[in-house]
Amino acid sequence: MAKAPGGSAWQPRRVCRHHCAYPQRLALDSLAPDVIEMHGGVESLRGLLGRDVVAFADVQGPSDYGLRCARSLSREIAAAGVTVATCEDELGAAARAGALHADGETIVVGSLRTREPLAAQSTLALLADLVIVVEADEEVAGVSVADVAESRGVAIAAVPGPIDSPASCVSNRLIAEGALVLRSAENALDALAGVGVRWPRRARKRRPSKPRGGATCNARVEAATLPEPHVPAPPHAAEPELEPRLADVLERVLGGEDTLAKLCLGERDCDEPALALTELELIGLLQRAPDGRYLPSADHLS
């Protein structure tokens, strides 16, 4: 938890997406959490989001090389007045250490509920102007920060790695598909300034950076969705081309189990339903309503 200038800890504050303190970067996106808990003060978070934000994508089991890259890149990026955002993982810890070494500012995105591991990843991607992929293993299943960023048109930069290293598979593939080749922090800063970079067509436009004066602060944001009373969704058959696990979840949602809480009722593990919901939303078959329910998208109904 971040500390106030006087040394006392700020009390965490929970706000829903309809509250004036809810970050505008998240408010209009269906993947954003319905509720966030802010540690460090509302004004502190607003100041951090008033500048460019670079997010370091999550990775399971980073190598020593990946940790060194994250620490070095983050230190130079933060020294330029850019906010560094990370998840609560080993790579994120290295990136935050680099930013704090340069007296920079950071945002840590966690999950209020351990059964919703994707909430933090989605929130991190939606807060960012640029997502950096240092390492990622192609064999690791699941939706990542980079996946959400790509679906929302947020620019992605990747650190090239050895072609025989599993940890470099995803970053090398992203580069081959057109991601920015990140050879130094200068490349990331050039991308934020729009110098010599081809941005995705769907890239979101941000307000001009507005660095704050005064002491630097760091913030923590935790995200969660809240279960809501059931309102039956229109019936619809599962898409035949979907994987069986996705078709099953889609059919259950259309049958009335339209929140994660309902899908997890009686289950021992909620990771699979949560992952399936996010994948169905990313491919456009489901959309999340402001009240937290999952509904069929307009294209799917047609």
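Both backbone and side-chain heavy atoms feed into the values below; hydrogens, waters and symmetry mates do not. Computed from a prediction, not measured in an experiment: that's the story for all the values here.
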Whether [X] side chain and [Y] backbone form a donor-acceptor pair below 3.5 Å:
X      : Y      : result
Ser151 : Val148 : yes
Ser171 : Ser168 : yes
Arg51  : Gly81  : yes
Arg75  : His101 : no
Asp129 : Val53  : yes
Asp248 : Pro244 : no
Asp34  : Arg17  : no

Give the minimum heavy-atom separation between [X] and [Y], together with the two atoms involved.
X      : Y      : answer
Val134 : Cys69  : CG1-CB, 3.9 Å
Val133 : Ala57  : CG2-CB, 4.0 Å
Pro33  : Thr123 : CD-OG1, 3.2 Å
Gly104 : Ala78  : CA-CB, 3.9 Å
Val109 : Ala120 : CG1-O, 3.4 Å
Ala185 : Ile77  : CB-CG1, 4.0 Å

Give the C-alpha distance, both sets of side-chain angles, the deciding distance and a yes or no for salt bridge (charged side-chain N to carboxylate O under 4.0 Å, His left out) between Glu257 and Arg252. CA-CA 6 Å; Glu257 297 176 78; Arg252 290 172 63 187; 3.0 Å; yes

Same hydrophobic cluster for [X] and [Y], using side-chain heavy-atom links shorter than 4.5 Å among ILVMFWY?
X      : Y      : result
Ile283 : Leu250 : yes
Leu26  : Val145 : yes
Val108 : Tyr22  : no
Leu73  : Leu100 : no

Would you call [X] and [Y] a side-chain contact if the rule is heavy atoms closer than 4.5 Å?
X      : Y      : answer
Thr83  : Ile107 : yes
Leu242 : Leu280 : yes
Leu91  : Glu135 : no
Thr259 : Tyr294 : no
Leu285 : Pro296 : no
Val35  : Val15  : no
Leu126 : Val154 : no
Gln24  : Leu49  : no

Before accepting this row, confirm whether a basic side-chain N of the pair Asp258/Lys262 lies closer than 4.0 Å to the acidic partner's carboxylate O.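 Looking at Asp258 and Lys262, the cut-off is met.
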
Between Thr86 and Arg96, does any side-chain donor sit less than 3.5 Å from a side-chain acceptor? yes

What's the verdict on side chain to side chain contact (heavy atoms under 4.5 Å, CB included) for Arg152 and Leu31, showing C-alpha distance, side-chain angles and the deciding distance? CA-CA 10 Å; Arg152 292 306 190 260; Leu31 280 181; 3.2 Å; yes

Intermediate values then yes/no, side chain to side chain contact (heavy atoms under 4.5 Å, CB included), Val253 and Leu286: CA-CA 9 Å; Val253 170; Leu286 291 180; 4.1 Å; yes

What's the verdict on side chain to side chain contact (heavy atoms under 4.5 Å, CB included) for Arg14 and Ile36, showing C-alpha distance, side-chain angles and the deciding distance? CA-CA 6 Å; Arg14 290 192 182 188; Ile36 64 172; over 6 Å; no

Heavy-atom neighbours of Arg245 CZ exceed 12 at 6.0 Å: yes

Drop me the distance from Cys87's SG to Phe56's CZ, to the nearest 0.5 angstrom. 12.5 Å

Val159, Ile175, Asn187, Leu174 screened by side chain to side chain contact (heavy atoms under 4.5 Å, CB included) with Val181, the one that passes: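 The option that passes is Ile175.
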
Checking Ile156 against Ile132 for the side chain to side chain contact (heavy atoms under 4.5 Å, CB included) test, could you report, in this order, the C-alpha distance in whole Å, the side-chain angles of both residues, the deciding distance, and whether it holds? CA-CA 6 Å; Ile156 299 175; Ile132 292 179; over 6 Å; no

